[in-house]
Number of protein chains: 2
Amino acid sequence: MEEEKRTVRAVERALDVLLCFASGHEWGLTEIAGRIGLHKSTVHRLLATLEDKGFVARDAATEKYKLGLSVLELSANLSRSDDPSVVLLPEMERLRDRLSETVSLYVRDRNERVRIQAVQSTQAIRRVATVGARLPLSVGASSKVLLAFAEAGVRGVVMADAAWPAHLDREAFGKQLDDIVAAGYATSFEEREPGAAAVSAPIFNRSGKMVAALSVSGPSNRLTPDRMHEHAPAIIEAAHRMGTILG
Amino acid sequence: MEEEKRTVRAVERALDVLLCFASGHEWGLTEIAGRIGLHKSTVHRLLATLEDKGFVARDAATEKYKLGLSVLELSANLSRSDDPSVVLLPEMERLRDRLSETVSLYVRDRNERVRIQAVQSTQAIRRVATVGARLPLSVGASSKVLLAFAEAGVRGVVMADAAWPAHLDREAFGKQLDDIVAAGYATSFEEREPGAAAVSAPIFNRSGKMVAALSVSGPSNRLTPDRMHEHAPAIIEAAHRMGTILG
DNA sequence: TAACAGAGTTTCATGTAGTGAAACTAGCTT
DNA sequence: AAGCTAGTTTCACTACATGAAACTCTGTTA
């Protein structure tokens with residue numbers, strides 16, 4: 001299948017280089033080249049360009065490459081005042097205080113979900129959720145919410161994608177999504193990572209479009225299936241209230 | 001002067017497109033093309049590539065382009081635990097509480113300074129400082145600190161750059177920097193923006209290298225020249241304490 | 001309802017400019 | 001001194017980015 005490309009290869013590669021730094025630590029040139037399968041000299045030129053524009057910088061001590069301050073400049077403008085991740089924060093904290101578990105907010109971005117906001121449980125044993133993390137759409141309570149309540153056609157597109165796990169029975173999964181629509185919320189128990197469980201409900205804006213999934217997650221010994229269903233009404237109610245906050 | 005280029009043009013252009021979004025709001029394709037002087041079709045291809053990698057996204061309602069969530073993913077990893085902007089925050093808040101003015105932290109990035117952290121004054125009339133902002137190195141108290149205490153050679157390079165304002169007498173400016181080194185701090189009074197004033201002191205790490213400039217800023221009627229010099233010892237002391245926190 | 005305008009998208013011939021092999025440098029280890 | 005690793009620079013080749021122009025939409029004007 002000859003997919004028509006209307007993108008710029010050099011830029012794609014440069015962005016791949018940049019995304020290497022999503023994992024946090026610093027990289028040497030050769031490490032990066034090996035990781036994305038490009039020649040040293042190519043990566044060198046790309047890094048020089050990224051450095052020139054301030055997107056990467058070299059650590060003074062280690063000589064390795066790390067993220068530059070232009071990223072900070074951009075991210076400062078990412079959270080505008082009308083951004084859900086900002087305006088919903090107080091409500092998320094209320095829910096956290098009520099249930100004493102970590103509360104996260106997810107949106108769908110193509111075939112993945114992204115955690116755009118999180119408030120941590122204050123308990124000693126807790127799930128630690130990092131903002132900005134990208135996770136698969138095939139597992140986890142909020143994945144199922146993001147697919148179940150998505151606009152028509154989204155399910156099909158996402159599940160048809162090459163990235164979708166082949167072993168997953170699409171028909172059974174679709175049935176499960178229909179059940180979630182009926183129930184109004186989804187749960188997951190040790191689905192994505194062992195020892196963790198979550199409940200999730202959709203947030204709709206005033207025009208009835210789902211904009212995010214609100215999720216409560218914690219250790220599976222505390223968030224038992226029973227306990228999760230008990231929590232569900234509170235989460236749905238919070239999600240509803242959040243929806244009314246949005247424009 | 002034939003500057004040897006070892007950068008990739010297509011990538012440079014793509015990053016310029018991305019940096020358009022540093023100013024916050026959304027842009028149409030043609031707007032961007034006009035702004036950076038590129039052809040519509042070129043910008044279209046670059047935006048398609050950026051969109052594909054999640055660096056920009058299109059607003060569902062307005063159809064315009066805005067920053068994508070990959071930026072969030074990157075910025076989440078910017079503030080690591082050893083990051084000055086994180087570990088110094090408590091000290092900055094203490095200083096803010098003591099002086100009741102906005103406290104900022106600046107680092108030098110090539111020919112500019114970047115505000116990497118800020119805590120706002122709680123007073124009704126206050127300077128509002130946005131994190132990530134890039135400002136010129138030629139004006140402002142912290143600019144002068146960042147140049148005065150920089151490693152040997154930096155002054156010359158920065159002031160020789162094309163971006164340096166031509167009208168500024170380099171010799172007089174250099175003299176001023178020497179005075180600042182002697183005093184240990186710098187002030188500015190309505191220098192960059194009318195009605196604003198600031199005091200700034202350098203933060204040195206354990207090996208004696210300056211890593212940032214700590215700055216206290218506010219309205220010029222409250223931060224009079226006299227008042228600023230009164231504040232200086234407290235700021236220098238805070239900067240010194242911050243230095244010991246760093247590795 | 002046709003004509004126009006303005007924004008976004010696609011096509012395609014052209015030659016610039018990005019590519020990767022290889023050579024080179026510099027710093028460490030054996 | 002030889003070997004190794006990581007980063008940097010050079011250069012011939014042609015793949016690929018480029019921009020003019022054509023085209024599609026959608027909304028506006030006459």
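In what follows, chains are A, B, ... by sequence order, proteins preceding strands, each numbered from 1.
Contact annotation: Arg6(B) side-chain N/O to dT8(D) OP1/OP2 distance is not under 4.0 Å. For His44(B) and dT9(C), the shortest distance from a side-chain N or O to OP1 or OP2 is below 4.0 Å. Residue Arg45(B) places no side-chain N or O under 4.0 Å from the OP1 or OP2 atom of dT11(C). Proximity of Arg58(B) to the phosphate of dT9(C): a side-chain N or O atom is located under 4.0 Å from OP1 or OP2. Between Ser41(B) and dG19(D) there is no side-chain polar atom (N or O) within less than 4.0 angstrom of OP1 or OP2. For the pair Thr42(B) and dG19(D), the criterion of a side-chain N or O lying under 4.0 Å from OP1 or OP2 is met.
Closest heavy-atom contact between Leu29(A) and Val43(A): O-CG1, 4.1 Å. Residues Arg170(B) and Met159(B) approach most closely at NH1-O, 2.5 Å, considering heavy atoms. Of all the heavy atoms in Ala148(B) and Val181(B), the pair that sits closest is O-CG2, 3.4 Å.
Leu38(B) has its CG atom 15 Å from the P atom of dG8(C), to the nearest Å. At whole-Å resolution of the value, CD1 in Ile32(B) and P in dT9(C) are 11 Å apart. Summarising the geometry, the separation between CD on Glu63(A) and C1' on dC28(C) is reported as 14 Å, rounded to the nearest angstrom. Whole-Å rounding puts the Glu51(B) CD to dT9(C) C1' distance at 13 Å. Straight-line distance from the CG atom of Leu29(B) to the P atom of dG19(D): 14 Å, rounded to whole Å. Atom CG in Leu50(A) sits roughly 15 Å away from atom C1' in dG18(C) (whole-Å rounding). Spacing between atom CG of Asp16(A) and atom P of dG18(C) amounts to 17 Å, rounded to whole angstrom units. Protein atom NZ of Lys40(A) is 11 Å distant from nucleotide atom C1' of dA23(C), rounded to whole Å.
Summary of the strand contacts: Arg9(A) and Tyr65(A) both lie near DNA chain D, and taking for each the nucleotide with the nearest heavy atom, the more 5' one is attributed to Tyr65(A). When each of Thr30(A) and Arg13(A) is assigned the nucleotide of DNA chain D bearing its nearest heavy atom, the one mapping closer to the 5' terminus is Thr30(A). Residue whose closest nucleotide on DNA chain C sits further toward the 5' end, between Leu46(A) and Lys64(B): Lys64(B).
Using a 4.0 Å cut-off between a side-chain N of Lys or Arg and a carboxylate O of Asp or Glu, Arg35(A) and Asp16(A) do not qualify as a salt bridge.
Aromatic ring centres of Phe21(A) and Tyr65(A): separated by at least 6.0 Å.
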